[in-house]
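As structure tokens, the structure follows; a few thoughts come after it.
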Amino acid sequence: MIAAAPPSPPAIETLTIQPVGARWRVTSSDGLFEGVFTDAKSAVQCARAEAEAHPGHTLVLADIRLTA
């Protein structure tokens with residue numbers, strides 16, 4: 001009997017949040033996800049939701065300062 005190969009770990013993709021002019025952009029390292037937001041808080045919320053929905057995704061925050 002041939003043993004099945006162990007499952008490969010999920011690929012690690014990076015979600016990057018960075019300011020672009022007056023907007024905030026969220027992009028994935030694989031190029032499959034991108035979003036442009038009017039404020040940093042919305043960009044972070046979206047990126048967190050995307051990372052939680054896909055195991056193996058991590059967040060990278062550029063040097064941002066969130067304001068309430």
Side-chain angles (χ1 to χ4, degrees):
M1 179 178 288
I2 299 174
S8 59
I12 295 178
E13 301 296 337
T14 304
L15 294 169
T16 304
I17 303 168
Q18 60 189 9
V20 178
R23 309 254 187 243
W24 292 85
R25 179 178 291 150
V26 177
T27 55
S28 64
S29 59
D30 62 4
L32 296 176
F33 181 81
E34 181 175 285
V36 178
F37 301 85
T38 57
D39 59 82
K41 184 176 179 180
S42 297
V44 170
Q45 287 175 339
C46 178
R48 281 187 181 150
E50 185 70 13
E52 289 173 2
H54 300 283
H57 277 70
T58 58
L59 293 179
V60 175
L61 299 177
D63 185 23
I64 63 172
R65 286 161 179 74
L66 299 177
T67 57

Which atom pairs, one a donor and one an acceptor, fall under 3.5 Å between side chains of residues 29-39 and the rest of the protein, sequence neighbours left out?
unit_1	atom_1	unit_2	atom_2	d
S29	OG	E13	OE1	2.8
S29	OG	T14	N	3.0
D30	OD1	S28	OG	2.6
D30	OD1	L32	N	3.0
D39	OD1	K41	N	3.3
D39	OD1	S42	N	2.8
D39	OD1	S42	OG	2.9
D39	OD2	S42	OG	3.2

Looking at every heavy atom in both A43 and V26, which two are closest together, and how far apart are they?
O-CG2, 3.6 Å
Only residue of V20, I17, T16 satisfying side chain to side chain contact (heavy atoms under 4.5 Å, CB included) with T27 is T16
